[in-house]
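What you are looking at is a predicted structure, and each value in this text was computed from that prediction instead of being measured.
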Amino acid sequence: MLSVNGLNQRYGESQTLWDLSIDAPKGQCTVVMGRNGVGKTTLLQSIMGLLKIDEGRS
């Protein structure tokens, strides 16, 4: 299971993720959807450790 709790991430002065929490159960398909610029790639890069997480944990 993937669990993300209270994730906050910023690019300089711009905050891109605010207190994001999500659980993705093992063996199930989980989809991250949204329009351009809402933080989908930032979320995935934060989970993978490619971006620094300012607060929270994954």
Q | Joint hydrophobic cluster, Leu2 plus Leu17, side-chain heavy atoms closer than 4.5 Å | A | yes
Side-chain donor-acceptor distances from residues 20-29 under 3.5 Å, at least two apart:
| from | atom 1 | to | atom 2 | distance (Å) |
| --- | --- | --- | --- | --- |
| Ser21 | OG | Gly6 | N | 3.0 |
| Asp23 | OD1 | Ser3 | OG | 2.9 |

Q | Side-chain H-bond candidate by donor/acceptor type, Gln9 with Thr16, under 3.5 Å | A | yes
**Q.** With sequence neighbours excluded, residues passing side-chain hydrogen bond (donor to acceptor under 3.5 Å, both in side chains) with Gln45
**A.** none
Q) Quick one: does Asp19's side chain get under 4.5 Å of Leu7's, heavy atoms only? A) no
Q: To the nearest 0.5 angstrom, please state how far the CG atom of Leu51 sits from the OG atom of Ser46.
A: 4.5 Å
Q) Does any non-hydrogen side-chain atom of Gln15 lie less than 4.5 Å from one of Asn8? A) yes
Q. Roughly how far, to the nearest 0.5 Å, is CG of Leu43 from CE of Met48?
A. 9.5 Å
Q | Same cluster (ILVMFWY, side-chain, under 4.5 Å), Ile53 and Val32 | A | yes
(Q) So does Gly34 get a backbone contact from the side chain of Lys40, meaning a donor-acceptor N/O pair under 3.5 Å? (A) yes
